**Q** 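The structure under discussion is supplied below as structure tokens; questions concerning it will follow.
Remember, it's a predicted structure, so these values are computed and weren't measured experimentally. Order of the sequence lines sets the chain letters (A, B, ...), proteins ahead of strands, with each chain counted from 1.
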Amino acid sequence: MRYSKLLAPTLRDTPADAEVVSHQLLLRAGFIRRVTSGVYDYLPMGLRVLRNIEHVVRQEMNRAGAQELLLPMVQPSELWKKSGRWDKYGPELLRFHDRHQHESCLGPTHEEVICDLMSRELRSYKQLPMNLYQIQNKFRDEIRPRFGLMRGREFVMKDAYSFHANESCLAEEYDNMYQTYQRIFTRLNLKFRAVEADNGSIGGSASHEFHVLADSGEDLIAHCSACDYAANVEKAISKAPAYSYDDSTLQTVSTPRTSAVEDVASLLNAPLSQLLKTLIFTITGGDLDGQHIAACVRGSDQVQDIKLIRALGADEIHLASSETLQQLQSSIGFSGPVALACPVYIESSLQGAFGLIAGSNQQDEHLSAVNLQRDVPNAIYIDLRQTQEGDVCTHCAANIAMSRGIEVGHIFALGTAYAKPMEVMFQDEQGKRAVATMGCYGIGVSRLMAAIVEQCHDDSGITWPVHLAPFQVSVITLGKSETALAASQQIYEGLLDLDIQALWDDRKERPGVKFKDAELMGIPLRIVVGDRGLESDTLELKTRLGGAAEASLAAVCQTAQTMLQEMVQEIPSSNT
RNA sequence: CGGGGCGUAGCGCAGCCUGGUAGCGCAUCUGGUUUGGGACCAGAGGGUCGGGUGUUCGAAUCACCCCGCCCCGACCA
């Protein structure tokens, strides 16, 4: 490609509304442009990288035995009503009517469509297992799109769905996909970690997320500093530090206008861990829909609401309104579990705890020396607290550390959660009709592009790994002498003959401009063609990361090829 | 949806407080001088000042409403 014809509008200044590096650099390097909130154009350079990422994903999926297909983005509401998600999915699902007033939606994911297909095409157990995937645009009307490609509303996703005759076969494929994801992210040159995850509303049994480790990540991951244990905080389990306080008689203490745990603690000169924090929630969905419950953890801990939602079998929980609190005869900021008129769930590590300070449900008063067993006899003990840095690993007793992560992949063992309502049936070995068992496996392809930039950049711009770069080589012509132009063209064509993706910067720009652009865009290798080098027949080759070499005009393409091969070898192979 | 911030040329910004008919840097176009790290000189093009309503002789500027964008919280690849 000749740069003079390339649509790659690089920016000298960082757009003011871009917060994270990947967003800033992808905009500045002319890879993407925003169309509307969470929706982007992929310009030629951006698309080339996206295709390179897709190539790795495809290769590994195919190698794992999955087959590619393409499903529609527009989906009829009937399928979603059949699965039960038309009502469950919420406003993230973009719904609309066509000219015949037919109700449809844009696909945020494709369980319904693939199940519909399979319900018609799957006949015999002999066809199973089968893993089908696609790489396609998804649309989710996110509450808050942000950080460029990191959280868009329209984004590119690889989604795979596997079908099985039984659970053990699903377990095998789940493991196969787990290994495949390890290979994919390794080949993409990422620092990542597989973590145990909450299954979310999708349901099913096992679930793992793959996180790229980056400070800009939106997720919190708890991982053991010694063993392999790693989990999303939504699900992470760890041993909380143990505390012990004096047991004595329950007493009321005056705490005028002091409701925040920190303030109560300092007023009573007590550690945060001695306080009992009580949150009252109203439940939406499930058997307890509309009811209220209280959740208690230590003042030094946080309630992990996903854990609570799962324990309650709810869809959502919200902090109760002040009217609700009045109904329950409690008081905002002074809620406590003692004699509270609703079910009380207490963090399990607090079982048998005493000497605690809790709200009294009376304005401006707390209770001291609460003994949970004595004073809250009907409490239900469940895992509620959010894992914190410094907790103890339940697997090996080492310390738990916390990191930020960008979720780039998620695999689920779904079981029959979709296949059953969608009637994905087959005839088993005994000739009986059976429901297929499913798994689903997602990778955020466009998000990966951002995640890779988060890990591959320096002060000058992006530093793509060779196999992902939009072009492997930039041929930079300096000056406008006929010899330099002719030599550049010769090199450019020589590189193309060697099947090397080359960008020939034939613009009438000063050298500095060309160097800066090539660095910003992250092209791994550059060849400088100027009169100076041509006179002595020594052309300069420089890698984006600081390597350098020289070669004669006759040998420069060959040298470039060798250097590129060496750079590829620095990238981990897929055999991990 | 709640909290905070912002909207003036492609990008980055000033002007707004104290109304008088829009400006700077970069980018773009023309000509010239330059040419191994984001050049210089001269000239030029480009703006319904996010939209609407109101106040006023007069609104980018003041008031009200709406729209859009960004950041922090609840969702997820």
**Q** Taking any heavy-atom pair under 4.0 Å as a contact, classify Val408(A): base, sugar-phosphate, or nothing.
**A** sugar-phosphate

**Q** Please report, rounded to the nearest Å, how far the P atom of A74(B) is from the CG atom of Leu220(A).
**A** 11 Å

**Q** Expressed as a whole number of angstroms, how long is the span from Ile309(A):CD1 to C75(B):P?
**A** 6 Å

**Q** For His410(A) and Val529(A), find the nucleotide of RNA chain B closest to each by heavy atoms; which residue's nucleotide sits nearer the 5' end?
**A** Val529(A)

**Q** Between C76(B) and Arg153(A), is there an OP1 or OP2 to side-chain N/O distance shorter than 4.0 Å?
**A** no

**Q** What's the CG-P distance between Asp459(A) and G38(B), to the nearest Å?
**A** 17 Å

**Q** For a quick check of understanding: with a heavy-atom distance under 4.0 Å over all strands, which category does Ile306(A) fall into, base, sugar-phosphate or nothing?
**A** sugar-phosphate

**Q** Which of the following nucleotides, G36(B), C71(B), U35(B), is nearest to the side chain of Glu19(A)?
**A** C71(B)

**Q** Pick the C1' atom in A27(B) and in G47(B), then give their distance to the nearest Å.
**A** 16 Å

**Q** Counting any heavy atom closer than 4.0 Å, what does Asp305(A) reach on the DNA or RNA strands: base, sugar-phosphate only, or nothing?
**A** nothing

**Q** Look at the side chain of Arg140(A) and the base of C75(B), then say whether one donor and one acceptor between them are separated by less than 3.5 Å.
**A** no

**Q** Between Arg58(A) and Glu68(A), is there a salt bridge with N-O shorter than 4.0 Å?
**A** yes

**Q** Just compare G36(B), G38(B), C76(B) and give me whichever is closest to any side-chain atom of Phe515(A).
**A** G36(B)

**Q** Going by heavy atoms in the side chains, are Val49(A) and Tyr42(A) under 4.5 Å from each other?
**A** no

**Q** With rounding to whole Å, what would you report as the distance between G45(B) and U28(B) at their C1' atoms?
**A** 8 Å

**Q** Would you say Arg510(A) reaches A39(B)'s phosphate, i.e. side-chain N/O to OP1/OP2 under 4.0 Å?
**A** yes

**Q** Determine the contact category for Ser446(A): base if any of its heavy atoms lies under 4.0 Å from a base atom, sugar-phosphate if only primed atoms, P, OP1 or OP2 are that close, otherwise nothing.
**A** nothing

**Q** If C1(B) has a Watson-Crick or G-U wobble mate with both distances under 3.5 Å, name it; if not, just say none.
**A** G73(B)

**Q** Ignoring the backbone of Ala16(A), work out which of C13(B), C72(B), C75(B) is nearest its side chain.
**A** C13(B)

**Q** For Glu519(A), report the nucleic acid contact type (base, sugar-phosphate, nothing); a contact means any heavy atom under 4.0 Å.
**A** base

**Q** If you define the side chain from C-beta out and look only at heavy atoms, does anything of Tyr40(A) sit under 4.5 Å from Arg33(A)?
**A** no

**Q** With C1' as the reference atom in both, quote the distance from A39(B) to A77(B) in angstrom, rounded to an integer.
**A** 46 Å

**Q** Within the structure, does a side-chain N or O atom of Arg146(A) lie under 4.0 Å from either OP1 or OP2 of G73(B)?
**A** yes

**Q** Take the protein atom CD of Glu509(A) and the nucleotide atom C1' of G38(B), then report the distance between them rounded to whole Å.
**A** 9 Å

**Q** Assign Tyr89(A) to base, sugar-phosphate, or nothing according to its heavy-atom contacts below 4.0 angstrom with the strands shown.
**A** nothing

**Q** Between G25(B), G36(B), G38(B), which nucleotide gets closest to the side-chain atoms of Lys516(A)?
**A** G38(B)

**Q** Given that both distances must come in under 3.5 Å, which nucleotide forms a Watson-Crick or G-U wobble pair with A39(B)?
**A** U33(B)

**Q** Under 4.0 Å: is that the gap between some side-chain N or O of Arg12(A) and OP1 or OP2 of A27(B)?
**A** yes

**Q** Name the pairing partner of C62(B), where a pair is Watson-Crick or G-U wobble with both distances under 3.5 Å, or state none.
**A** G54(B)

**Q** Thr180(A) side chain to Ala64(A) main-chain N or O, any donor-acceptor pair under 3.5 Å?
**A** no

**Q** Give a yes/no on whether any side-chain N or O of Arg144(A) is located under 4.0 angstrom from OP1 or OP2 of C72(B).
**A** yes

**Q** With P as the reference atom in both, quote the distance from C13(B) to U56(B) in angstrom, rounded to an integer.
**A** 36 Å

**Q** Rounded to whole angstrom, note down the C1' distance from C17(B) over to A63(B).
**A** 15 Å

**Q** With both distances under 3.5 Å as the test, what is the Watson-Crick or G-U wobble partner of G47(B)?
**A** none

**Q** Closest-nucleotide mapping onto RNA chain B: is Thr36(A) or His318(A) further toward the 5' terminus? I mean the 5' end.
**A** Thr36(A)

**Q** Please determine whether a side-chain nitrogen of the Lys or Arg among Glu234(A) and Lys307(A) lies less than 4.0 Å from a carboxylate oxygen of the Asp or Glu.
**A** no

**Q** Counting any heavy atom closer than 4.0 Å, what does Asp17(A) reach on the DNA or RNA strands: base, sugar-phosphate only, or nothing?
**A** sugar-phosphate

**Q** Of all the nucleotides listed (C75(B), C11(B), C13(B)), which has the minimum atom distance to the side chain of Leu11(A)?
**A** C11(B)

**Q** Expressed in angstrom and rounded to an integer, what is the separation of Lys508(A) atom NZ from U33(B) atom P?
**A** 15 Å

**Q** Is there a donor N/O on one and an acceptor N/O on the other, under 3.5 Å, for the side chain of Arg526(A) and the base of G37(B)?
**A** yes

**Q** Distance check, P atoms only: U48(B) and G3(B), in whole angstrom units.
**A** 34 Å

**Q** Give Gly90(A) one of three labels, base, sugar-phosphate or nothing, depending on what nucleic acid heavy atoms sit under 4.0 Å from its own.
**A** nothing

**Q** Could you work out the separation of C62(B) and G25(B) based on their P atoms and round it to a whole Å?
**A** 26 Å

**Q** Would you call Asp87(A)-Lys81(A) a salt bridge at under 4.0 Å N-O?
**A** no

**Q** Mark yes or no for a side-chain to base donor-acceptor pair under 3.5 Å between Glu540(A) and G36(B), with no hydrogen or angle criteria applied.
**A** yes

**Q** Does a side-chain N or O from Ser37(A) land closer than 4.0 Å to OP1 or OP2 of C70(B), or not?
**A** yes

**Q** Of the options Phe471(A), Tyr492(A), Tyr3(A), which is the one that meets Trp504(A) in a ring pair (Phe, Tyr, Trp, His ring centres under 6.0 Å)?
**A** Tyr492(A)

**Q** Using the ring of each side chain (for Trp, its six-membered ring), is Phe185(A) parallel, tilted or perpendicular to Phe210(A), with breaks at 30° and 60°?
**A** tilted

**Q** Please determine, for the side chain of Pro511(A), which listed nucleotide (C69(B), G12(B), U35(B)) has the closest atom?
**A** U35(B)

**Q** Side chain of Met157(A) only, heavy atoms from C-beta on: which candidate in G36(B), A77(B), G38(B) is closest?
**A** A77(B)

**Q** Starting at CZ of Arg544(A) and ending at P of G37(B), how long is that distance when rounded to a whole Å?
**A** 17 Å

**Q** Rounded to whole Å, please give me the gap between CD1 in Ile143(A) and P in G3(B).
**A** 16 Å

**Q** Indicate, with a heavy-atom threshold strictly under 4.0 Å, whether Gly152(A) touches base, sugar-phosphate, or nothing.
**A** base

**Q** For C11(B), which nucleotide is its Watson-Crick or G-U wobble mate, given both distances must be under 3.5 Å?
**A** G25(B)

**Q** Would Arg507(A) and Asp517(A) pass as an ion pair if we require N to O under 4.0 Å?
**A** yes

**Q** Given G36(B), C69(B), C11(B), which nucleotide is nearest the side-chain atoms of Arg34(A)?
**A** C69(B)

**Q** Would you classify Lys138(A) as touching base, sugar-phosphate or nothing, given that sugar-phosphate means primed atoms plus P, OP1 and OP2, and contacts are heavy atoms under 4.0 Å?
**A** nothing

**Q** To check you understand the geometry: which heavy-atom pair defines the closest contact between Val528(A) and Arg526(A), and what is its length?
**A** CG2-NE, 3.7 Å

**Q** What integer number of Å spans the P atoms of U8(B) and G52(B)?
**A** 16 Å

**Q** Which part of the nucleic acid does Asp159(A) contact within heavy-atom distance under 4.0 Å: base, sugar-phosphate only, or nothing?
**A** nothing

**Q** Just the rounded figure in Å: distance from P of A77(B) to CD of Glu111(A).
**A** 9 Å

**Q** Give none if G68(B) has no partner; otherwise give the nucleotide forming a Watson-Crick or G-U wobble pair with it, both distances under 3.5 Å.
**A** C6(B)

